[in-house]
Asks: 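Got a structure for you, questions after.
Below, chain A is the first sequence line, B the second, and so on; all start at residue 1.
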Amino acid sequence: MDAHWPRPPAATRRTVLVLCAALLAAAGCTDPDRPAPAPKAGLRAFRYSMDQAPTSLDPTQAANVYANTVILNVYDTLYAYQYLARPYALKPNLAAGFPDVSADGLTYRIRLKPGVHFIDDPCFPGGRGREVVAEDFVYSLKRQFDPANQPQGAWFWSGRIAGLDEWKAAGANYDQPVEGLRALDRHTLEIRLTRPYPQLVDTLTSGYSAIVPREAAEFYGPRLGVRPVGSGPFRLVSYDTSRVVLDRNPGFRQEPVDLAAEGFNPATQAHTGVAAIAGRSPPFVDRLEIDFIPEASAAWTSFTKGDEIQFTALPVEQADRVLASREPVALLPEYADRFHFAAGSEAGFVFTSFNMDFPEFGYHPDPERQRRNRALRCAIIKAYDWKANNASWYFGLARVFPGIIVPASPEFDPTLDAGSVTRDVEGARRLLADHGWTAENLPVLTVGATAGVTSRLYFEQFRAWLGEIGYPPEKIVRKTYANFGNLSRAWKRSELPLVSKGWGLDYPDAENTLQLFYGPNSSPGSNDANYRNPAYDALYEQTSVMLPSPERTARYRQMNQMVIDDCVAITGLSRTRIYLWHRDVIAVPDREIVGGFWLKFVDLVPQAGAPGG
Amino acid sequence: MNATALPLPAPRRDSLGARAVRQFRRDRTGMVALAVVLGYLAAAAGVWFGWWATDWGALTGTKWEPASAAHWFGTNIIGQDIFARAIYSTSVAFEVGLVVALAATALGAALGAAAGYFAGSWLDEVLLWFMGVLEAIPFYLFVAAVAFALQDSPWAMQVGMIATFWIGTARLVRGEVMKLRGIEYVEAARAIGLPSPVIIARHVLPNTTHILLVQASIAFVGAIKTEVILSFLGIGIRDGVSWGLMIEESTKEVLAGFYNNFLAASLLMFGLVMAFNTFADALQDALDPRKVG
């Protein structure tokens with residue numbers, strides 16, 4: 001006998017319906033302090049996803065791909081990378097053209113495009129955004145040297161622009177001029193260098209070089225990190241730890257896309273439909289919604305639902321269900337029918353460096369102990385199983401390579417001996433024994449990690465490998481941090497003996513990874529390893545003024561070998577990223593190099609019945 | 001017909017404890033549950049003595065191997081043996097359960113007895129207020145706050161649980177002691193001048209044993225379940241492995257169609273919690289004077 005609930009009387013049903021409607025309405029309400037208005041009918045929104053949230057949208061904090069993704073879409077930079085050209089190629093962005101460089105390579109003159117305006121904002125008189133002028137760039141770069149901002153990008157230009165470090169030392173007074181950084185007129189900028197800097201123009205594509213109006217920095221103070229005011233293709237609508245919403249900047253300059261100038265390659269890119277944006281001015285979508293979803297499985301569920309996020313990276317655990325083959329990467333038909341995909345090696349790498357300032361592992365006043373420490377580091381490197389690491393976390397498709405010159409750099413050496421990335425448990429045991437290391441005298445090794453299941457398993461894997469060379473598991477300790485920002489701060493403060501991180505190239509030049517081990521860049525700079533090798537530093541300084549040449553490449557490789565020989569880092573691996581996006585999205589996604597610069601070119605296939613469709 | 005009067009045997013004067021044991025042994029379900037719990041205890045003891053599951057952290061296989069003779073429950077994403085981890089987790093469950101049950105019951109007994117013996121005094125008022133305050137704080141928020149405050153302590157979770165689990169025991173003991181303190185033998189002890197702490201320890205608390213045993217068993221199960229939830233949320237076991245951490249690991253694996261971690265941890269936890277609950281019910285029945293009498 002079937003059992004039925006008795007049907008409630010009509011009045012009760014109406015009451016329930018009204019209550020349900022009220023509850024639904026309440027659930028849809030948003031915090032008035034963080035307004036994220038629902039998309040209007042017909043609004044063309046692209047819903048992107050990232051695995052972490054930026055901690056600040058202030059260009060002084062553009063230290064990672066998450067911040068850069070947003071910053072490069074709300075602010076302008078003088079230069080950018082061509083949307084479709086690979087290898088990456090520069091193009092003028094807010095600059096009217098490439099700089100005029102003096103014969104000695106020390107003076108750069110850059111013209112800015114006239115008539116570009118910041119967005120309207122209460123920080124400006126009358127709330128109307130004013131024109132972007134050369135003085136704004138001067139001010140923005142000074143901010144990177146103002147200790148009050150706790151900037152993270154000064155290392156790009158420190159010691160290179162005449163007078164900028166002195167300006168900082170003199171108290172960072174914005175009204176004081178800097179000898180090597182001047183606005184010659186409203187639209188002409190002059191940068192004078194202390195020595196040639198071949199990567200200067202590349203640095204002017206990064207979020208660190210984004211142009212901030214002084215009015216906004218003074219009006220909002222520290223709140224500039226959540227209230228960006230720029231002249232980029234989008235303007236901020238809302239920003240919290242779960243998502244950022246940007247709307248199209250209606251005043252963004254009209255610059256029709258020239259596909260050839262963007263490096264379009266019909267043979268490899270035509271299938272994405274990107275040819276449809278030719279001759280039109282970006283941005284093409286009305287709204288950009290970027291959801292921060294740390295759990296890859298949650299992002300995957302949202303992506304495959306079809307009506308939520310439209311872009312995601314393929315989670316490792318889904319590979320067997322989604323891929324028809326790994327080499328070459330191909331989707332199973334049921335996924336290929338629904339999604340576009342792209343697979344490629346990242347322009348960067350993951351690596352773990354030893355903090356040489358920890359006397360237990362690094363530099364030690366006693367030369368004998370320092371020699372033993374090197375043996376200990378080398379043994380740990382030999383214990384590391386890159387093959388298993390690749391299989392567990394990177395589809396088995398990542399590229400493992402020795403040293404710190406990544407495969408995406410033109411100076412990469414594919415013939416370099418792979419000994420430093422080949423597991424050798426017996427060799428590691430022998431090394432420890434030969435240098436007097438025993439289970440009793442091995443130092444405690446504290447490994448910093450963010451909370452979460454992946455980082456815990458990563459740690460357990462590492463501990464197990466070290467266990468196999470005789471490192472007692474109880475001496476390998478995990479210290480957890482609530483989020484990546486806190487962990488990153490601990491690294492910057494030199495609080496941990498190991499630093500495990502990913503580094504994405506800021507520009508396609510090995511100098512960008514070699515500087516990670518340059519002595520003067522020690523903590524809190526980018527040299528988290530605090531590696532200080534005079535011979536390495538001398539070579540770095542020599543090459544830093546050289547234009548690309550076989551001679552420079554040879555010296556780069558010499559430095560690379562020093563890092564390998566000194567056992568400073570467990571390195572490295574370039575991940576193969578597999579991205580998927582919905583078929584109604586027209587895009588060639590790429591978060592490499594500076595991240596996010598491509599989002600203004602995203603378009604959506606017009607839907608039948610929709611405006612323009 | 002002559003009737004011969006036979007002498008009746010003297011009635012047996014068993015203690016309450018002996019009658020409770022007899023009553024418990026008659027409860028088949030309770031006995032089965034006890035056997036299951038003892039089986040789990042044996043598994044945990046083997047870990048403590050280093051007889052098995054010592055390689056729970058070792059990489060003994062490759063990624064996501066299916067169940068086999070070498071790996072009874074298969075392996076996880078980094079090649080660890082799931083069976084070894086599940087068995088090791090049994091010992092973690094017992095450690096957490098025993099520590100929390102013993103500490104929370106002892107604390108609840110002491111404070112509940114003090115409050116009950118001095119009912120109506122300022123001490124009773126303060127303790128009742130304190131219990132009310134702790135109960136007013138949402139449990140998981142409270143434990144998260146304790147875990148945050150004791151960030152580097154491996155005992156943070158246990159401290160959080162003990163700090164809240166004692167309250168139920170204390171309230172029950174308080175009520176029982178309020179009854180007991182008016183009974184003649186307690187009044188007699190007071191009359192001969194025994195100090196209050198001695199009266200409570202020697203003459204009052206032993207008569208609350210039936211409450212304490214049942215409360216301890218409830219706390220034990222509660223602690224195991226709570227550990228699983230807290231570990232899943234990332235504020236439980238810091239280093240090592242537990243059923244909660246295994247279930248947390250499985251969140252990625254289930255979507256990939258690999259269920260071994262989830263099933264191993266869930267079924268083992270379910271078995272222990274079910275068995276202990278059944279055992280606790282049987283124990284409660286056996287210790288209930290109305291039923292035993």
Asks: Answer yes or no: are there more than 12 heavy-atom neighbours, outside B/Tyr140 itself, under 6.0 Å from its atom OH?
Replies: yes

Asks: Pick one of side chain, backbone, both or neither for B/Asp55, based on which atoms fall under 4.5 Å of a heavy atom in chain A.
Replies: neither

Asks: Might you point out which heavy atoms bring B/Ala58 and A/Ala464 nearest each other, and give the distance in Å?
Replies: CA-CB, 4.5 Å

Asks: Which answer fits A/Tyr458, side chain, backbone, both or neither, if we ask what part of it has an atom under 4.5 Å from a heavy atom of chain B?
Replies: neither

Asks: Quick one: CD on B/Glu249 to CZ on A/Arg456, what's the gap to the nearest 0.5 Å?
Replies: 4.5 Å

Asks: With a sphere of 6.0 Å drawn around CZ of B/Phe262, does it hold more than 12 non-hydrogen atoms of other residues, nucleotides or ligands?
Replies: no

Asks: Are there over 12 heavy-atom neighbours, none belonging to B/Trp155, within less than 6.0 Å of that residue's CH2?
Replies: no

Asks: With a 4.5 Å cut-off on heavy-atom pairs, point out which of B/Thr251, B/Thr62, B/Asn76, B/Ile78 contacts chain A the most.
Replies: B/Ile78

Asks: Hey, could you give me the CZ/CG distance between B/Phe258 and A/Asp320, rounded to the nearest 0.5 Å?
Replies: 11.5 Å

Asks: Please flag which part of A/Trp393 lies under 4.5 Å from any non-hydrogen atom of chain B: side chain, backbone, both or neither.
Replies: side chain

Asks: As an exercise, state the distance from CD1 of B/Ile77 to CD of A/Glu317, rounded to the nearest 0.5 Å.
Replies: 6.5 Å

Asks: Examine whether an atom of B/Gln80 lies under 4.5 Å from a heavy atom of chain A, and if so say whether it belongs to the side chain, the backbone or both; otherwise answer neither.
Replies: side chain

Asks: Which atom names give the shortest non-hydrogen contact between A/Gly452 and B/Glu248, and what distance separates them?
Replies: C-OE2, 4.1 Å

Asks: Near A/Glu327 CD, under 6.0 Å, is it more than 12 heavy atoms from other residues, nucleotides or ligands?
Replies: no

Asks: Should we count CH2 of B/Trp129 as having more than 12 external heavy atoms under 6.0 Å?
Replies: no

Asks: Looking at every heavy atom in both B/Lys63 and A/Ala391, which two are closest together, and how far apart are they?
Replies: NZ-O, 3.2 Å

Asks: Under 4.5 Å from any heavy atom of chain A, what part of B/Ile235 do you find: side chain, backbone, both or neither?
Replies: neither

